[in-house]
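Every chain is numbered from 1, with letters handed out A, B, ... down the list of sequences. The structure displayed is predicted, hence computed values, not measured ones.
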Number of protein chains: 4
Amino acid sequence: MSGSTFGKCFSATTWGESHGPAIGVVVDGCPAGISLCTDDIQVDLERRKPGQSPFATPRKESDTVEILSGVFNGMTTGTPISLLIPSANMRPKDYSAISQYYRPGHADYTYDQKYGFRDYRGGGRSSGRETAGRVAAGAVARKLLSEFGIEIYAYTSRIGPIVSDPKHFERAEIHRNFLAMPDSHAAKTAAEYLTRQKESEDSTGGQIECIAKNVPPGLGEPVFDKLDATLAQALMSIGAVKAVEIGSGVGAAQMSGSEHNDNLEYCDGRLQKTTNHAGGSVGGISDGSPIRLRVTIKPTPSIHKSQQTVTRAGENKTIAVEGRHDPIIVPRAVIVVEAMVALTLADLLLQRAASRIDWLKRGLGYV
Amino acid sequence: MSGSTFGKCFSATTWGESHGPAIGVVVDGCPAGISLCTDDIQVDLERRKPGQSPFATPRKESDTVEILSGVFNGMTTGTPISLLIPSANMRPKDYSAISQYYRPGHADYTYDQKYGFRDYRGGGRSSGRETAGRVAAGAVARKLLSEFGIEIYAYTSRIGPIVSDPKHFERAEIHRNFLAMPDSHAAKTAAEYLTRQKESEDSTGGQIECIAKNVPPGLGEPVFDKLDATLAQALMSIGAVKAVEIGSGVGAAQMSGSEHNDNLEYCDGRLQKTTNHAGGSVGGISDGSPIRLRVTIKPTPSIHKSQQTVTRAGENKTIAVEGRHDPIIVPRAVIVVEAMVALTLADLLLQRAASRIDWLKRGLGYV
Amino acid sequence: MSGSTFGKCFSATTWGESHGPAIGVVVDGCPAGISLCTDDIQVDLERRKPGQSPFATPRKESDTVEILSGVFNGMTTGTPISLLIPSANMRPKDYSAISQYYRPGHADYTYDQKYGFRDYRGGGRSSGRETAGRVAAGAVARKLLSEFGIEIYAYTSRIGPIVSDPKHFERAEIHRNFLAMPDSHAAKTAAEYLTRQKESEDSTGGQIECIAKNVPPGLGEPVFDKLDATLAQALMSIGAVKAVEIGSGVGAAQMSGSEHNDNLEYCDGRLQKTTNHAGGSVGGISDGSPIRLRVTIKPTPSIHKSQQTVTRAGENKTIAVEGRHDPIIVPRAVIVVEAMVALTLADLLLQRAASRIDWLKRGLGYV
Amino acid sequence: MSGSTFGKCFSATTWGESHGPAIGVVVDGCPAGISLCTDDIQVDLERRKPGQSPFATPRKESDTVEILSGVFNGMTTGTPISLLIPSANMRPKDYSAISQYYRPGHADYTYDQKYGFRDYRGGGRSSGRETAGRVAAGAVARKLLSEFGIEIYAYTSRIGPIVSDPKHFERAEIHRNFLAMPDSHAAKTAAEYLTRQKESEDSTGGQIECIAKNVPPGLGEPVFDKLDATLAQALMSIGAVKAVEIGSGVGAAQMSGSEHNDNLEYCDGRLQKTTNHAGGSVGGISDGSPIRLRVTIKPTPSIHKSQQTVTRAGENKTIAVEGRHDPIIVPRAVIVVEAMVALTLADLLLQRAASRIDWLKRGLGYV
């Protein structure tokens, strides 16, 4: 069924392979009347684009988006928004070698098994390039969310052994270093670490944290489409993600109930939680406090170091993956995490409108 | 939209609240011709049932399932299978107090915010009792999977600070202790720990690991309905889950590519992976090796210890949750994890049948 | 996939076979806060119930509905509403004969082909009894629609050659005769015709018209989920329906544009259409005028007259269908048509709430 | 929600407006391994293209399709197939007049009501141009179906009062006249009639019949996704369709059961039906005989004749629609009907693969 659609009310259908003529997405269900132009989308694509850091592939992709439908006079019309990003910088290349063996950690083997053959040029559909469509759709979702004051930001919280220190957290710093870390000191140490990993022809994993602020209470649908469950699908669907944590995450295993429960109190007439172990979602429904989550991203599988693998013909083989690759994927995935969180919240926000008859009547103008 | 349906081809729609007359599930899309009787389902429900352990609520629920449709002469007919579990042991009780305040860590506040009011009897729809429907549906999925030799088992791998030692793993032990731990020594230590927690009127979190064996390669649909993404949604949708990890999970953050990549080799004519950090899913598609995953479960929010909270009327209040509660939810959630994994695999297995034209033609009898 | 779910936001999942212990439906996505009790549902089920007319099967079914979930203190909670109708009056009967041959006009052959075998007791899942679940769900949809002043009624407009004359239309008459005809004279003639058909051991087809009033403009989603397209699916999914017409219907083929176009005019400050050939749907979106549609229902396939058919074993055979059958299905299908229209409108109404950003913000309380 | 996606397993998501830079469709869920090139799609687009007949708008559109993804080395890869048709021949035009009033029979008023404003250039999303995406997707579905020997053809069976005589049916004739009629004599009479209608500045309705041959038994999912129900949605979703009939259609209302039931017999060892009033679908499941259906298409609403309407500002106004329009839409809709039937059958064929455990096992290679 090739599940290329995410979202039930606000949906994104991505398409495209690494080395095709273009990549894109169709956003359906976006309400009419939101101002939207290519700049709104381009700003997010710029953050995903390769070739901008010593720790990212030097490949140049212009990644310039075109809006092909669904916008009229600068406003969304309520009909599908088709976004297209033509490919560029596709050097003609000989893929005959790679077509015959399976790169460890890549989807080469599984695509061959699933479909009987595969588009082996640059990873085909399993390429990280597919996330360009997600980022473009996420930018549209973000525009919708901004109408409600909802704000999403993510950052690199760990690179290999180096952790961003919450005490040194500075939000502006995220955009000042190549690694999207909010702690300038950690960013410096991580850069040194990455340089050493590159020298040893190896790659590195890491973690991304994401915060969504001003999310109203009531988002998330019991029982399978809970806010946290939908976020988990959204985030785990990003290529290299191996873990998704909400709020306390894996730490919850070692806490007692009296520690973990977020107590409630009225303070200055406002409801507050003394802590936010829940990460903003209780019973799968947003509680009005910030959504907090973390994803773990595996080290880039493409490494120059030699590895053991097998060929399609059934022979063992030693390989070293050639070409221009990211020694770490984490910093470029930050915007992808934001995009998937935005898509999730946009979809659940639309669903929210119909959960109470009084709100529904108000929305439709019956009261 | 109240997302009570999970699965696209093989789907389960659960319904019911904690204190309603019954709870149930409709399984739709199950292929015709699979033998199915109530015993197939009851065996899993027995594992979820409360009142069986010193570390579970002493509430007695008979949890006896009835098959109301979709089975004829002991075989599934291809039409919806309606499963119903009548409620029992519902002591008349006064919920007037609980209806007026929000228990920390529970969904009381968020349901009130979402719907304007809530069914406050025993947690209503957010009650753990809702998982009975999942377990019943999971048992049907398991029957389907058994036709393909697929086997799923889960166990408690951690309770608070006590970890089951992989070196002492013994599968039969899982069913021998109250805590579903595969390491008898860890189970003993954990039982002592839990006794102390109970005495201090507190509760405990933990982790569950799950293995699915004999899963053929090719399950999982790029890009949003990847095997791992669908598992993540399935598992995070279980009430108390705060983290989902596939394979290496959070550990991947600290690994280098040369460590993390699972090398491939032919050994005795069979393809093997030297490691399984992928957890059986590469590019979101099963690779034929065991699916390995871990979930983290928060400590039960219902504790007798006193907590700060607020009332619906907007006043601060100190409470202690009364009643019969599980001091730890982990052991009872083991079968729920298995059920959600079974539902996920069953759905993706059905989708798999149509991913290649040659397989599709073979299935439909055209070759 | 056994598509037993209808609706995307407001959904109904039916289950059950003719001779199972019960039949039912799960309604998911109904907004919280609507008053609902069994009487609201029972009143529609009474209209579908057999045994009430000389022109319906004398089978007695009590068809008493139970609400198993989703309602608390007489109000919908926003969670799934499970409705169950226990079976009664199931005479033990010998189905061995019918199990071995295919009744013409029935789904015996196709179910056998699809699933490899079938539940042959009384038609199994293909029985008209399945519509009880639709009617129950439709009653819930109707409650939702009544909050918006939307009203739906249907009636028999044709029985075989006898047509209800629009000039003699009297709405109250619909409930006064056994045939649900709004023209008392036509009803009398049709009754005489049906008596003759019964005497000749034959059955009769007919047509049902349905009107939905006070439907606001804006319902229906371009391009595949148009109001008329969704209605067409809903209505054609009723067992014996062979045609669905919206507004002018088949008559449109013989009209010229200048006749068919509904001209618009402001009259007393209100927008009006001079005609309603559109049937209330233009471009697949409601235009605020009444929805008008017509379905054609084939003659009951169960007739005592002898027919030619084949056995499972591959032999030709002459049969006469025994048992208690409806000589005409049309009058009993009137409430089913209303139910399917109600389910369609309820679903599209909920979707409508998110089609404009200003309405969405108003509904969510942001303006 | 803007339902721009059709199909559950084999799905098509269309996008684009009349006067946008391009129009297109994303086909998801197409099995891997089917040969596909632009010619396969172009051949169907040529049949839809305007400017080819004295009875179609003289607008020239090249309608040249590009395949942007999902095909590798001439074969489908199992991943989304993105098809794009750039717009051409867009004369700069002044739409300021049309933007201020509502054309009778067009979706101008309903789009304005639904979204608060509309893309008024050439009908925007409600334009017949949207069907180009359907036809492109339908061509892909047709390739899939051809692997199973399934063949679909449609033709004009009526134009205003002129009916194609079944006795003079000649399939090759369909492609020989401008009106896609299979009866050359009727085509000639209809052409004369249309010329007169054009001269009187009016337009004409008609009917299209469609046949699908070699459809195996077993397609269609009880109860809401029946073959006929899904076809009804598919066909009624085409802009100007006002009625959908399966098999006997509206004629069933006047038949008795003994006439309507298709008797079965074995003849030369093959099962045959003596008639096909069912139209190939019994109980919503294909029975192996040809699928037969008919749609009624309203007269083109754009007519030069003067009409009464209203302005957005609330004034009555007399208008005559200017511009290049089709005096009849029927012949150009023939390929659209074929496309929607192809999309429906492709989707149900994929779903069919999982309806029996023995077929599923065979497909997945377990037996």
Side-chain angles (χ1 to χ4, degrees), chain C residues 1-3 6 104-105 107 110 113-114 116 125-126 158 202-203 205-207 217-218 221-222 224-226 228-229 232-233 236-237 242-246 248-250 252-253 255-258 260-261 263-266 282-283 285 287 296 298-301 303 305 307-310 316 351 356, chain D residues 1-3 6 104-105 107 110 113-114 116 125-126 158 202-203 205-207 217-218 221-222 224-226 228-229 232-233 236-237 242-246 248-250 252-253 255-258 260-261 263-266 282-283 285 287 296 298-301 303 305 307-310 316 351 356:
Chain C
M1 288 176 59
S2 191
F6 180 79
T110 55
Q113 286 291 311
K114 185 173 185 75
R125 180 73 173 151
S126 74
R158 173 190 280 273
D202 215 332
S203 64
Q207 290 181 321
E221 300 295 314
F224 296 117
D225 296 343
K226 285 173 171 155
D228 42 3
Q233 183 202 353
M236 196 68 93
S237 79
K242 296 306 292 178
V244 177
E245 302 171 80
I246 308 288
S248 56
V250 296
M255 294 169 80
S256 63
S258 58
H260 193 276
N261 283 349
N263 284 354
L264 299 168
E265 61 179 11
Y266 276 104
V282 185
I285 300 171
D287 67 1
T296 298
K298 71 175 185 181
T300 322
I303 53 173
K305 232 174 187 168
Q307 300 177 84
Q308 296 304 313
T309 192
V310 299
N316 290 314
Q351 296 185 37
R356 293 171 58 162
Chain D
M1 287 175 60
S2 192
F6 181 80
T110 54
Q113 286 291 313
K114 185 174 185 75
R125 181 70 175 152
S126 74
R158 173 190 280 272
D202 215 331
S203 64
Q207 289 180 322
E221 300 295 315
F224 296 116
D225 296 345
K226 285 173 171 156
D228 41 4
Q233 182 201 356
M236 195 69 92
S237 79
K242 297 305 289 178
V244 177
E245 301 170 81
I246 308 288
S248 55
V250 296
M255 294 168 80
S256 61
S258 59
H260 194 276
N261 283 349
N263 284 355
L264 299 168
E265 63 179 9
Y266 275 104
V282 186
I285 300 172
D287 68 359
T296 297
K298 72 174 184 180
T300 322
I303 54 174
K305 231 173 187 167
Q307 302 176 85
Q308 295 304 314
T309 192
V310 300
N316 290 314
Q351 295 185 37
R356 292 170 59 161

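Of all the listed residues (C:G283, C:G206, C:P299), the one sharing the greatest number of non-hydrogen pairs under 4.5 Å with chain D is C:P299. With chain D as the partner, the residue from C:G3, C:G205, C:S248, C:S258 showing the most heavy-atom pairs under 4.5 Å is C:G3. Of the listed residues (C:R356, C:Q113, C:E265), the one with the most heavy-atom contacts under 4.5 Å to chain D is C:R356. Annotation: maximal heavy-atom pairing with chain C below 4.5 Å, among D:P301, D:G218, D:P217, D:A229, occurs at D:A229. The candidate with the highest count of non-hydrogen atom pairs below 4.5 Å against chain C, out of D:P104, D:G105, D:A107, is D:P104.
Using a 4.5 Å cut-off between heavy atoms, C:S126 makes no contact with chain D at all. For a residue to count as touching a neighbouring chain, one of its non-hydrogen atoms must lie under 4.5 Å from one of that chain's; by this rule D:T296 touches chain C with the side chain only. Residue D:K298 touches chain C through both its backbone and its side chain, counting heavy-atom pairs closer than 4.5 Å. Interface residue C:I303: only side-chain heavy atoms are found under 4.5 Å from chain D. Proximity to chain C involves both the backbone and the side chain of D:D228, based on heavy atoms less than 4.5 angstrom apart.
Scored by the salt bridge (charged side-chain N to carboxylate O under 4.0 Å, His left out) test, C:D287 finds C:K273 as partners (sequence neighbours excluded). Shown here are the salt bridge (charged side-chain N to carboxylate O under 4.0 Å, His left out) partners of C:K242, two or more places apart in sequence or in another chain: there are none.
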D:D225 vs C:Q233, side chain to side chain contact (heavy atoms under 4.5 Å, CB included): CA-CA, chis, key distance, verdict | CA-CA 8 Å; D:D225 296 345; C:Q233 183 202 353; 3.3 Å; yes
Check against side chain to side chain contact (heavy atoms under 4.5 Å, CB included), C:E245 and D:V250 = CA-CA 9 Å; C:E245 302 171 80; D:V250 296; 3.6 Å; yes
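D:N316 and C:Y266 get closest at one heavy-atom pair: OD1-N, 2.6 Å. Smallest separation of non-hydrogen atoms from D:A243 and C:G249: CB-C, 3.9 Å. The two residues C:A253 and D:R158 come nearest to each other via the heavy atoms CB-CD, 3.7 Å.
Residue D:M236 holds its CE atom at 4.5 Å from CD1 of C:I246, rounded to the nearest 0.5 Å. Taking NZ of D:K305 as the reference point, atom OG of C:S256 lies at 6.0 Å (rounded to 0.5 Å). Taken to the nearest 0.5 Å, the CG atom of D:D202 stands 10.5 Å off from the CE atom of C:M255. One finds the CD atom of D:Q308 at 12.5 Å from the CG atom of C:N261 (value rounded to the nearest 0.5 Å).
Two residues are said to be in side-chain contact when any heavy atoms from C-beta on lie closer than 4.5 Å; D:K114 and C:P222 meet this criterion. In this structure, C:Q307 and D:L264 have side chains that are not in contact, with every pair of non-hydrogen atoms separated by 4.5 Å or more.
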